[in-house]
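Notes follow the structure.
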There are 2 protein chains.
Amino acid sequence: MADDRPDLAAMVGRFGRTLMAAERPILAAHHVSMWGYVVLTALADEPMRTQAALARAIGADKTRIIADLDDLQERGLIEREPDPADRRVRLLRLTPEGRRVHTAVRRAIRAEEERLLAELPPADRRTFLRALQHLDPGTP
Amino acid sequence: MADDRPDLAAMVGRFGRTLMAAERPILAAHHVSMWGYVVLTALADEPMRTQAALARAIGADKTRIIADLDDLQERGLIEREPDPADRRVRLLRLTPEGRRVHTAVRRAIRAEEERLLAELPPADRRTFLRALQHLDPGTP
DNA sequence: GCGGATCGTAAGCGCATGCATATGATTGAG
DNA sequence: CTCAATCATATGCATGCGCTTACGATCCGC
């Protein structure tokens, strides 16, 4: 009677939670929160002109990330320079140290992902990642 | 410098949220909550002897699902019969109506999944599902 | 039989989240 | 110049969740 597989959402959800659980210790080891890492990743791609734009880009609440930004700035991982042309705005960018940390964390996370994906035959692994990229709605 | 793909967790997470968002209206149309559907799915596979066992099986808190069970029972979708052999225990099973509702919701969700997966070439689609089943930790 | 274990239920705590509102600085359009 | 809009920030509220504790009923091993 059944298709004999769990619902897609159930499988994706569980796998997602597995990934999160695997990443938590890595982030903790680098003293970066989940949102902190997301922020570093977004700023590693490109600096942002406003916090509101950053929040939109990463799908977070505008007020939600303030504390994380405070923390990252305090620890010298990002800069929040007031825009001389528009003094309402804070120009956001990584510091060299921020880039270093982001690269390190990213490398560790990638290694962990490889470990989890190692169960798959290489061909399946490639197809899986390609399919996932195609299904990923990105951050629009 | 980069592998030029988002982190696995980011892609899986976003896709998962897309799936959830797509399922919410379906569940609402059948007046079933997310947890309610999970419960129906678990009981569709096999009846349970205790609520604690059910909670373990679906990865929920034992106290968490009581309200959902109350609701499902009240609407005649599940039965919670006291075990004559052990009066602490409630035997849980679907009613015929419960099975009917679960089948209907499941069919609708599967159709929605197909719609989302339709973007993939059939071969990729098969490989993707196979890989996902392999990576899915299941419910141990 | 007694004591420890299990079950269902209720209640409360702490946390993260989404959502809304307020406010103070600043800009830009009319 | 004035007013609406934008931005960063602080604050409050409701929600949902995991976790813990408490309680009474019941079972089971000794």
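What's counted below: heavy atoms across the whole structure, side chains too, no hydrogens, waters or symmetry copies.
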* Between B:D86 and A:L69, which has a closest nucleotide on DNA chain D that is more 5'? ->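 That would be A:L69.
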
Take atom [atom1] of [X] and atom [atom2] of [N], then tell me their distance rounded to the nearest Å.
{"X": "A:E81", "N": "D:dC7", "atom1": "CD", "atom2": "P", "value": "18 Å"}
{"X": "B:I65", "N": "C:dA10", "atom1": "CD1", "atom2": "C1'", "value": "15 Å"}
{"X": "A:E79", "N": "D:dA8", "atom1": "CD", "atom2": "P", "value": "16 Å"}
{"X": "A:I66", "N": "D:dA10", "atom1": "CD1", "atom2": "C1'", "value": "8 Å"}
{"X": "B:L54", "N": "C:dC7", "atom1": "CG", "atom2": "P", "value": "13 Å"}
{"X": "A:K62", "N": "D:dA5", "atom1": "NZ", "atom2": "C1'", "value": "12 Å"}
{"X": "A:L92", "N": "D:dT9", "atom1": "CG", "atom2": "C1'", "value": "14 Å"}
{"X": "B:I58", "N": "D:dG18", "atom1": "CD1", "atom2": "C1'", "value": "14 Å"}

* Looking for any heavy atom pair under 4.0 Å, which part of the strands does A:T50 touch: base, sugar-phosphate only, or nothing? ->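 Sugar-phosphate only.
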
* Asked: Base, sugar-phosphate, or nothing for B:R80, non-hydrogen atoms under 4.0 angstrom?
  ->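 Sugar-phosphate contact only.
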
* Tell me yes or no: between the side chains of B:Q133 and A:R5, is some donor less than 3.5 Å from an acceptor? =>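 No, A:R5 and B:Q133 have no side-chain donor paired with an acceptor closer than 3.5 Å.
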
[X] side-chain N/O to [N] phosphate OP1/OP2 under 4.0 Å:
{"X": "A:Q51", "N": "D:dT6", "answer": "no"}
{"X": "A:R90", "N": "C:dA25", "answer": "no"}
{"X": "B:R88", "N": "D:dC27", "answer": "no"}

With the side chain counted from C-beta on, respond yes when [X] and [Y] share a heavy-atom pair under 4.5 Å apart, and no when they do not.
{"X": "A:R99", "Y": "A:L77", "result": "no"}
{"X": "B:R93", "Y": "B:I78", "result": "no"}
{"X": "A:F128", "Y": "A:L117", "result": "yes"}

* Could you check which of C:dA5, C:dA25, D:dT11 has an atom nearest any side-chain atom of A:T63? =>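 Of all the options, the side chain of A:T63 is nearest to D:dT11.
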
* Transitive ILVMFWY side-chain link B:I26 to B:M20, under 4.5 Å ->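 They do share one cluster, since a chain of ILVMFWY contacts under 4.5 Å joins B:I26 to B:M20.
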
* First of A:P84 and A:D61 reached from the 5' end of DNA chain C, by closest nucleotide ->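 Checking each residue's closest nucleotide, the 5'-ward one belongs to A:D61.
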
